Each structure stands twice: as structure tokens, then as C-alpha cells.
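Note: hydrogens, waters and symmetry copies are ignored here, and every other heavy atom, side chains too, is used. It should be emphasised that the depicted structure is a prediction, and the values quoted were computed from it without experimental measurement. Residue indices begin at 1 and follow the sequence shown.
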Amino acid sequence: MKDLMTTAQSRKAMRRWGAPGIVMFAAAVALAAPSQAVAAKQPRQIAEAVAQREAGEPIMAIVSIKSQQVTFYDAEGWILRAPVSTGTTGRETPAGVFAVVEKDKDHHSSMYDDAWMPNMQRITWNGIALHGGPLPGYAASHGCVRMPFNFAEGLFEKTNIGMRVIISPMDAAPVDFSHPSLFVPSKEAIAAAPARADKLSAQAEEVIQAADEAKKAATAAAKDAQSLPASLRKLEQQKARADAENAYADKLVANAKTDQAKAKADELKQKAAAKATDAATQLDAAKAAAQPKRDAVAATKDAAKAAAAKKAEAVKAATDAKLAMEPVSVYISRSTQKLYVRRNTHKPAPDGGGEVFDTSIEVPVTIRNPDQPLGTHIFTAMAKNDAGLRWSVVTIDEGDSAKDALDRITIPQEVWDRIGPTALPRSSIIISDEPLSAETNYRTEFVAVLSNHPQGGFITRKPTAPPVEMASDDGWGNGGAFGGNGFFFFGQRDPNPQPVNPRRRAGQYQYYQPAQPMQRSLW
């Protein structure tokens, strides 16, 4: 009715204006049309919003490049929403799967002329982050995700290291999901986990002490036997000289022509023979005394080796027991045909910034029809329920449906048996056609970038630094609770993974490399 009345009034007005008025009106409409078309192309400015309920801790953030907005979700749904400004053309914010790896309340960029980036939450070590910044209403950053200043400040204390950040080229949201391949935890295993961790830690400490004592014994035995080769060589040389002198005396006796010469030769012969006999006796005695020391070296070395192997097993068991009380993240790549597992140890990285993630499980998986895309799907355990865990899924790339993608993957049962019984809320399983990005290192959760979308803001940044050895033999970094010699691996890591993903951009792949620490001055 209102539209009809408005139309009638417009007709009356045109009749009053006459022909010239109609022409002027048409011209005004024509001039306004281009402006309206331009306005229609501008992204809709999203308003900040807060859910009208008591919010829990954020579990994930989803950034929509299309809509220029970020939405944070807790176990019950969305809790915060705000407009953002992502990377501009040529410096596009990469679409993919990330997580918060470092937080800095008052960050200043060393890459962009000391630019202020307040309430910075880093998601890659080469400089992609969420932070407060100006929002012109469209994509305008150098690759970061700018949020409103006040929004970023209020958000900063609500998030934790490891919070999932999903950057989607289109609008995306978590959808409730269930599937038999997802973790089904055991209440009994979860209840027993703390006591089991304490018990195995105590056992590990005992085994470590025994291994240290065995190592000390082997070191002492080796030190005690260290001088044996030199002393035996000296006695062997003395015997050789005595034997030579004795042989020379024999020649003198044989060649003596007179009684006087013969008597002198006999005297020399007696002395040489006695000296040779004494040298032989000393050498035999030294060899006899050295044998027990040599036996002790061999025995203590074998004992130390066995104790070290036992230590490795005990520390591995204790580490697994500790990690069982942390949410677990799984990444399955069609590109590499591998399954990776990561859990946060909450140990500070030894080179500053961020925390160390355990990377002790990496195994092959079987994917049916491996040439067909799976898509990229992020399954997240949102909360506990009667069945164990309530799951959601977010899909951000084309391929199979989430169910069909899971159906195509055969996951090694020993892996599920190892990590499934104690799986907690915030645990996740990511399936993707993509390999892990080179930004995935010992200080990150999984980083995977969609190779069929622009990555300008990612590629133009400085690469990560060369690898350094920093891990500990308990897998907890920085020396850990048990001292350290390197991570334990469930499967053999390929030191030179091949970029077999058929999808690429500009002929360059982004794929996983072993642990690579970053220099903090790069960004």
C-alpha cells in the first residue's frame, strides 16, 4: 500500500512539473545511476556485534575476506563480530587455516617503519596477524587482518595461544557435525590421565637417574682405561728393544774367535736375555691387568646404552601422558598423503616469542581416489556431551562434502588409540588438499594456505630462518622436565617433503618444512 501511494504521488508531481520537469528528473536519475552502481560494488560495512548471552572463551575466529568481517565463536555459537580490513591487491591476506602463536599488547612493526599494531595476535611467524588498525571499509592492509581499535583491545584478554583462526575467501560458519571417524573419548581415560601422568613422570625421573648413573659409570671406566693403550705400547716397545739386544748378543757369541771375546759375548748375552725376559714378564702382567678394565668399559658401555634406551621409552611415555591432558590437533593432507599431530606443550620457545608445540606423530594415511579433491574442512570439538564430544565443521574450499572427505580417509588405528581416548574440547581434525605451509614450525599450530587463492601478503614477506636444533628428548622444549636430545617421532619424518599438490599459484608451492624458528626482528 505504501509503495502504491508513493508511486501515485510521484505521478502527480511529474504532471505539475510538465515536460521540462520530466526531462530534468530523468537526467537526475541518469546521473545518480553510476554513483549507485559504484556504491553497490563497495563491500557492506559490518557493524560490531556482541551476542546477547554470557560468552565463553573463544574457540575459533573466522575471517571472511568476501564480507570483510571477523566472527568469534565459543562452544555455543558466535559471541563477537566486527568489520575488518584485510590485504589489498598484491598483498592479499592468505586464505587458509592458522592459529594464534604469539600475543603482544603494544606491538610495533620492524617491517613497516615502526607502524603501531596494538593488541597484536600473530598467526604466522612471517608477519600475518590480527591487530587493531584503521578500517576504511574495504581491503587495505599489507596482509594482516585489521580490526577496530576498541574491539581489538577488548578481545585481547579473551583469547589464548593456539586459538584457531580460519581465513575464508567466502562467508563461512561452523555447522554441527557427527561422524564415526571423529574422536570418541573415554571418561575413564580422561579421569585417570592426571594420575597416570604423575606416575609415569615419577618413573621417568627414576629411569633418568639410573641412566645418568650408568653413563657416569661408563665414563669413569673409559677414563680408567684411557691410559692402557699408551702404557701397553710402551711395554711392547721395551720388549722389542730387549729382544733386539738379545738377538745381537747371540750374533756376538756366534762370531767370537778368541776365549776373551767369547767370554765378553757370553756376559752380554746373559744380561740381554735377562732384560728380554723381564720385558716379556712386564708386558704379560700389564695385558692381564688391562683385560678387566677393558671388560669393564664394554660392560658399562652396554649398560649405559640399555639405560638410555629405557630412558627414551620412559620419557616418551611420560610425555604422551602429559600431552594427553591437552587438546589435540590433527592435520591430514591429500598432497603429502600424511597425517600430522600437534599439541601445545606450553613451554616458552627458547629463542623468544611463542610456545613450543609437540610434533611427535607423523604417519602415512590412505586416501581413496587420491587424485580427486577433498576440499578443506576444519572439524572442531566444541564441547563435551553424552556421546563424548560435540563437533562442528567449517568448510572453506571446494571439494567433497565434509562427510565424503572423511569417508575417503583410512586413519591408522594405532594413532587413534593413542590420542583419541583423552581427546578434549578444542581438539580438531583438519582435512585439506594442501600440504602444510613452510610457516608450520615448532612454534606454530598447523598453518595451511589455500594455493588457489591470492597470497600476496604472505609471499612478499621475508622467509623463515634456517632450521636450528632446539627440541628436547621429552618433546617439551627448552630442556623440558627430563633434559634433552631431540623429539621422539612416531613415524619417520621425511626431511625433504615433495610438493606433490597439483594445485599451485604462479608455479610456486607452499609446503611443510621441519622445525624452523623465526627471528623476531623480521616483522
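Within the 3.5 Å criterion, the main-chain N or O of Ala140 finds a donor-acceptor partner in the side chain of Ser85. Here the side chain of Asp433 pairs a donor or acceptor atom with the backbone of Gly375 at under 3.5 angstrom. Glu92 contributes a side-chain N or O that, together with a main-chain N or O of Gly90, makes up a donor-acceptor pair within less than 3.5 Å. Side-chain N or O atoms of Arg122 include none that pairs as donor or acceptor with a backbone N or O of Asp104 at under 3.5 Å. Counting only distance, with no hydrogens or angles, the side chain of Arg343 and the backbone of Lys322 share no donor-acceptor pair below 3.5 Å. Put simply, the side chain of Gln203 never gets that close to the backbone of Ala314: no donor and acceptor are under 3.5 Å apart. The closest donor-acceptor contact from the side chain of Thr440 to the backbone of Val447 lies under 3.5 Å. Judged by distance alone, the side chain of Glu157 and the main-chain N or O of Leu155 form no donor-acceptor pair under 3.5 Å. Judged by distance alone, the side chain of Arg334 and the main-chain N or O of Pro370 form a donor-acceptor pair under 3.5 Å. The main-chain N or O of Met382 is never found under 3.5 Å from a side-chain atom of Thr380 such that the two would form a donor-acceptor pair.
Between Arg408 and Pro373, the shortest heavy-atom distance links the atoms NH1-O, 3.1 Å. Residue Trp416 comes nearest to Pro421 through the heavy atom pair O-CD, 3.5 Å, listed as atom of the first residue, atom of the second, then distance. Summarising the geometry of Ser335 relative to Glu434, their closest heavy-atom pair is CB-C, 4.0 Å, with the distance given to 0.1 Å. Pro435 approaches Tyr331 most closely through the heavy-atom pair O-OH, 3.9 Å. Nearest heavy-atom pair across Asn452 and Asp397 is ND2-OD1, 3.5 Å. Heavy atoms only, all atoms of each residue included: Ser141 and Thr93 are closest at OG-OG1, 4.3 Å.
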Output, in order, the C-alpha distance, side-chain angles, deciding distance and verdict of side chain to side chain donor-acceptor pair (under 3.5 Å) for Ser428 and Ser329.
-> CA-CA 5 Å; Ser428 62; Ser329 295; 3.3 Å; yes
- Item | Step-by-step side-chain contact (heavy atoms from CB on, under 4.5 Å) determination, Ile431 to Asp400 | CA-CA 11 Å; Ile431 295 175; Asp400 270 347; over 6 Å; no
Step by step, would you call Phe151 with Asn119 a side-chain contact (heavy atoms from CB on, under 4.5 Å)? CA-CA 10 Å; Phe151 181 87; Asn119 300 293; over 6 Å; no
Review point. Step by step, would you call Met163 with Phe72 a side-chain contact (heavy atoms from CB on, under 4.5 Å)?
Key: CA-CA 10 Å; Met163 184 191 73; Phe72 291 81; 3.8 Å; yes
In sequence, state the C-alpha distance, the side-chain angles, and the governing distance for Met60 and Ile378, and then conclude on side-chain contact (heavy atoms from CB on, under 4.5 Å). CA-CA 11 Å; Met60 73 175 77; Ile378 303 97; 5.9 Å; no
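Atom OG of Ser432 sits about 12.0 Å away from atom CZ of Phe446, to the nearest 0.5 Å. In this structure, NZ on Lys105 lies 9.5 Å from CD on Gln121, to the nearest 0.5 angstrom. From Leu130, atom CG reaches atom CZ of Arg146 across 13.0 Å, with rounding to the nearest 0.5 Å. In this structure, Met120 CE and Cys144 SG are separated by 8.5 Å, a value rounded to the nearest 0.5 Å. Rounding to the nearest 0.5 Å gives a distance of 11.5 Å between CD1 of Ile123 and OG1 of Thr444. We find the CG-CG distance between Asn344 and Asp358 to be 10.0 Å, quoted to the nearest 0.5 Å.
Under 3.5 Å, the side chains of Thr345 and Glu355 contain no donor-acceptor pair of N or O atoms.
Residue Met325 qualifies as enclosed at atom CE: its count of foreign heavy atoms under 6.0 Å is above 12. Atom CG of Asp198 has more than 12 neighbouring heavy atoms from other residues, nucleotides or ligands inside a 6.0 Å radius.
Proximity of Ile419 to Phe183: side-chain heavy atoms (C-beta onward) are separated by under 4.5 Å at one or more points. The side-chain heavy atoms of Pro425 and Leu389, taken from C-beta on, include a pair separated by under 4.5 Å. Within the 4.5 Å cutoff, no side-chain heavy atoms of Pro185 are placed close to those of Leu424. Residues Val97 and Ile396 have side chains in contact (heavy-atom distance under 4.5 Å, counting atoms from C-beta outward). Taking 4.5 Å as the limit, every side-chain heavy atom of Val101 sits out of range of all side-chain heavy atoms of Arg443. The shortest side-chain heavy-atom distance between Thr88 and Tyr138 does not fall under the 4.5 Å cut-off. A heavy-atom distance below 4.5 Å is found between the side chains of Ile167 and Phe98. Between Leu80 and Val50, the closest side-chain pair of non-hydrogen atoms falls below 4.5 Å.
Salt-bridge annotation for Glu206 and Lys310: absent, with no side-chain N of the basic residue lying under 4.0 Å from a carboxylate O of the acidic one. Ion pairing of Arg418 with Asp320 is present here, as a side-chain N (NZ or NE/NH1/NH2) and a carboxylate O approach within less than 4.0 Å.
Residue pairs meeting the ring pair (Phe, Tyr, Trp, His ring centres under 6.0 Å) criterion with at least one partner in residues 392-412, sequence neighbours excluded, are absent. Here salt bridge (Lys or Arg N to Asp or Glu O under 4.0 Å) pairs that include residues 51-65, with residues two or more places apart or in two chains, are Arg53-Asp74, Glu57-Arg426. Among residue pairs with one or both ends in residues 163-179, those qualifying as salt bridge (Lys or Arg N to Asp or Glu O under 4.0 Å) are Arg164-Glu445; sequence neighbours excluded.
Ring pair Phe177/His179 is parallel by interplanar angle, where below 30° counts as parallel and above 60° as perpendicular.
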